[in-house]
Enquirer: 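Let me begin by handing over the structure; questions about it come next.
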Amino acid sequence: MTNLRRRAVIAVDLDYFYAQCEEVRDPSIRDKPVVICVFSGRTEDSGAVSTANYVARELGVRSGMPIAFAKKILKSHQDARFLPMDLEYYQSVSERIMEIIRSKGEKFEQASIDEAYLEIGRNDGDDFGLAEDIGRKIKEEILSSEKMMSTVGIGQNKLMAKMAVDSKKPNGFTIIPAGSERLFLNPLPAGKLFGVGPKTEKKLNSIGIRTVGDLASADQKLLSDLFGKKLGPELHEMANGIDESLVLDRPAEQFSRIVTLKRDSEGFDFYDVLKPLCEDLSSKLSYASIKCKSIGIIAITNELKVKTRAKTISEAIQSSDKIQEIASELFSSFFGKQYNPDEGRFKVRRIGVRISDFVESGDSKANTLEDFL
DNA sequence: AATACCGGCGAGT
DNA sequence: TCATACTCGCCGGTATT
């Protein structure tokens, strides 16, 4: 019954990643406001801000903000740069940096394009000494080989490592010593706890919980009643710095592609719009040597409500044409039914395709045999 | 009764 | 202000076995 796992977890976060990639590519923009934009193509400036460097953030630019608003804020800054998101480039930078991190330990997990965890074994009494050395090495190597600033956080689990990262960025290096979790967490507003977003925070506030400390000592039955049998207990554990989740690098379980339409539509010829989305998804499948058994569509209405429909098939597929055929069917019945009294009538602003339920495919002998039988 | 699937929602980058 | 493009996880409801 040695349930006491002594571990040190290092979290690495690449600072303002997309914008920093652009700074590395063109160092002359380093001290200018840099805003990474996803242009939707509806009008000149329609779309949203993906991320921005700290020069722009200090002037008030935030991710998720409409591009037009960011431009208004930076009106008096003629040197500001509004650059279109170049995900392929960021992806290639990310892959090289992830290799640096992965090579420094045995248990590695990539959490997003710019975040990763590394687990380091720890002896009793050893206060993250080894983890600290490795964390510093990672930071140095990312800086020397990619000229990129990063933030490192260390704690006894993924949650605490993440909270350490969030406590000081950019260019941070924070350790939360084992045993001092509550001290660190208690004074924070509940919404700062990883996983507690605006909705959950509002609900917590409504029952008098404002800080993580309040949450840590809240009535557990009340939490379960309000948040369910999973999130309720989990909130209480997290507030106490407890997180047993493993550092584990798993393959993706779904892919999706989505675009904004030129104008809101009630029904349209979706063939042309769907085609490139399905082609992208198909090539991702092919690259990973997998097929999918579930195909879904996503529609975002003019009121920004998300609607989804999905279909599971018995025969796994990979080709763009087959994905597109099923997605088209789903859209047809979706538009066919959108006038029923339940749903009401709405227009669609963005549409997308999603695939999941992956199975191995391709060159294994087992597959050849299965095909034969 | 257990499991699978579906669609909505919340959170994060 | 006028609101992107992803990924993951949970919830409750319903269908399947």
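Please read these numbers as outputs of a predicted model, since none were measured by experiment.
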Enquirer: Please list, for nucleotides 15-17 of chain C, all pairs of protein and nucleotide N/O atoms separated by less than 3.5 Å.
Expert:
none

Enquirer: Of the candidate nucleotides C:dT4, B:dG8, B:dT13, which contains the atom at the shortest distance from the side chain of A:T260?
Expert: C:dT4
Enquirer: For a quick test of reading the model: is some side-chain N or O of A:R350 closer than 4.0 Å to OP1 or OP2 of C:dA5?
Expert: yes
Enquirer: Measuring from the side chain of A:T200 (C-beta onward, heavy atoms only), which nucleotide among C:dT1, B:dA11, C:dT4 has the closest atom?
Expert: B:dA11
Enquirer: Measure from the side chain of A:F69, starting at C-beta and using heavy atoms only, and say which of B:dG12, C:dT1, C:dT4 lies closest.
Expert: C:dT1
Enquirer: Does C:dA3 have a Watson-Crick or wobble mate here (both distances under 3.5 Å), and if so which one?
Expert: none
Enquirer: Looking at A:R81 and A:E22, is any side-chain nitrogen of the basic one under 4.0 Å from a carboxylate oxygen of the acidic one?
Expert: no
Enquirer: Examine A:K71 relative to A:F82 and say whether NZ or CZ is less than 6.0 Å from the centre of the six-membered ring and inside a 45° cone about the ring axis.
Expert: yes
Enquirer: Using the side-chain heavy atoms of A:R309, tell me which of these nucleotides is nearest: B:dG8, C:dC8, B:dC5.
Expert: B:dG8
Enquirer: Distance from A:I326 atom CD1 to A:F331 atom CZ, nearest 0.5 Å?
Expert: 13.5 Å
Enquirer: Rounded at 0.5 Å granularity, tell me how far CZ in A:R257 sits from CD1 in A:I298.
Expert: 10.5 Å
Enquirer: Give me the distances for all protein-to-nucleotides 9-11 of chain C N/O pairs that come in under 3.5 Å?
Expert:
{"unit_1": "C:dG9", "atom_1": "OP1", "unit_2": "A:R250", "atom_2": "NH1", "d": "2.7"}
{"unit_1": "C:dC11", "atom_1": "OP1", "unit_2": "A:K230", "atom_2": "N", "d": "3.3"}

Enquirer: Examine A:R25 relative to A:Y89 and say whether NZ or CZ is less than 6.0 Å from the centre of the six-membered ring and inside a 45° cone about the ring axis.
Expert: yes
Enquirer: Out of C:dA3, C:dT7, B:dG7, which has the shortest distance to the side chain of A:T308?
Expert: B:dG7
Enquirer: Ring-plane angle category for A:F17 and A:Y90, please: parallel below 30°, perpendicular beyond 60°, tilted otherwise.
Expert: perpendicular
